[in-house]
Amino acid sequence: IQTLTDVLTVAFQPLFDILDSLGPEGAATKNMVQGMLTMSQSMIDFAQADDLTGKLSAIGGLLGAIGTIAQASTDSRVAGIDKEIEAEKKRDGASKASLQKISALEAKKDAEKKKAFELNKKIAMGQAAIATLVASIEAYKSLVGIPFVGPALAAAASAAILAVGAKTMSMIASTSYQGGGSTGSAASTPTISVGKETTKTDLATSSGPAGELGYFRGESGSGGQENF
């Protein structure tokens, strides 16, 4: 089933092709438009979701779209600063005053990147929190119906996922911006992304609840939750 984002991405493709030919600033504009399309889809998904996990997933998508738009804005500003640096290098680039100006522009560019990094960090933590909660709810729902042992297995699996999520958020929180003062071309603005794992478990295809519980507890072994 095609989403609104899929349809509009195809419709906007001619524009995207033009933007791709315009260098870093064109790419930033393209990313901003794509972020706005994703944001629109996330709002639709939220409105159409009929349960808590669906709405939480839509909020996670919305956070990602906000991050994409903010990143595109930063990339555009950084590209503009790079143009100023290159222009100053061509104009002079050797005198003390010119070198000071270039240094100030590099510092301004680094400040933009650091601000983007901190925003991405907050968004990543929010997405990790949402993904953890969704996975915990889905794991509980998938196991709680097992006769006799279901509630205990569900509670244990849910708690294990929450513990893993808390560790993930702690790792994200501990990251710090590693800036640079190079006068060369701008590096990509630092970003943080959180991977997405399967949040559902299916006992009909799994090796059994014991294996799934071991997977969620982080015990030694191989495979995923359905073949651990």
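In this text the structure is predicted, and so the values were computed from the model without any measurement. Just the heavy atoms: all of them, side chains too, but no hydrogens, waters or symmetry mates, feed the values below.
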**Message:** What's the separation between atom CG in D92 and atom CD1 in I102, rounded to the nearest 0.5 Å?
**Reply:** 7.5 Å
**Hydrophobic cluster membership, I123 vs V134, 4.5 Å side-chain cutoff** = yes
**Asked** In terms of hydrophobic clusters joined by side-chain contacts under 4.5 Å, are L99 and I81 together?
**Response** no
**Message:** Tell me whether K101 is salt-bridged to E84, with the criterion being a basic N under 4.0 Å from an acidic carboxylate O.
**Reply:** no
**Asked** Looking only at atom types and distance, does a side-chain atom of S142 sit under 3.5 Å from a main-chain N or O of A139, one as donor and one as acceptor?
**Response** yes
**Request:** Using a cut-off of 6.0 Å, state whether more than 12 heavy atoms not belonging to K115 lie near its atom NZ.
**Result:** no
**Request:** For P151 and I146, work out which heavy atoms get closest and say how close.
**Result:** CD-O, 4.1 Å
**Asked** Can E88 and R91 be counted as an ion pair, charged N to O under 4.0 angstrom?
**Response** yes
**Prompt:** Does M169 CE have over 12 foreign heavy atoms under 6.0 Å away?
**Reply:** yes
**Request:** State yes or no: do L133 and L52 share one hydrophobic cluster built from I, L, V, M, F, W and Y residues joined by side-chain heavy-atom distances below 4.5 Å, directly or via other members?
**Result:** yes
**Asked** What is the distance from atom CD1 of I172 to atom NZ of K121, rounded to the nearest 0.5 Å?
**Response** 9.5 Å
**Item:** Side-chain touch D6/T9, heavy atoms, less than 4.5 angstrom
**Value:** no
**Request:** Using atom types as modelled and distance alone, determine if a side-chain donor or acceptor of T68 lies under 3.5 Å from a backbone N or O of G35.
**Result:** no
**Message:** Do F46 and L56 sit in one hydrophobic cluster, given that two such residues count as connected whenever their side-chain heavy atoms are within less than 4.5 Å of each other, even indirectly?
**Reply:** yes
**Complete:** Separation between CG (N31) and OG1 (T38), nearest 0.5 Å, reads 10.0 Å
**Item:** Worked verdict on F12 versus K30 for side chain to side chain contact (heavy atoms under 4.5 Å, CB included)
**Value:** CA-CA 10 Å; F12 276 87; K30 174 185 173 181; over 6 Å; no
**Item:** Shortest non-hydrogen separation from S42 to G61 and the atoms involved
**Value:** OG-C, 3.2 Å
**Request:** For the pair K109 and E112, find out whether any cationic side-chain nitrogen is under 4.0 Å from an anionic carboxylate oxygen.
**Result:** no
**Prompt:** Do V144 and I161 sit in the same hydrophobic cluster, where Ile, Leu, Val, Met, Phe, Trp and Tyr count as joined when their side-chain heavy atoms come under 4.5 Å apart?
**Reply:** no
**Rounded distance (nearest 0.5 Å) linking atom CG of L63 with atom CE of M125** = 12.5 Å
**Minimum heavy-atom distance V10-P14, with the two atoms named** = O-CD, 4.0 Å
**Where A28 and S76 come nearest, the two heavy atoms and their spacing** = CB-N, 3.7 Å
**Prompt:** If you measure from CD on E25 to OG1 on T29, what distance do you get to the nearest 0.5 Å?
**Reply:** 7.5 Å
**Expected output: side-chain S57 to main-chain T53 donor-acceptor under 3.5 Å** = yes
**Asked** Can you tell if the side chain of V164 reaches within under 4.5 Å of the side chain of T132, non-hydrogen atoms only?
**Response** no
**Over-ring placement of K114 relative to Y177, 6.0 Å and 45° cut-offs** = no
**Prompt:** Is a side-chain donor or acceptor of S73 paired with a backbone partner of I69 at a separation under 3.5 angstrom?
**Reply:** no
**N120 vs Q71, side chain to side chain donor-acceptor pair (under 3.5 Å): CA-CA, chis, key distance, verdict** = CA-CA 8 Å; N120 285 331; Q71 183 67 61; 2.9 Å; yes
**Asked** CE of M32 to CG of L37: how many Å apart, nearest 0.5 Å?
**Response** 12.5 Å
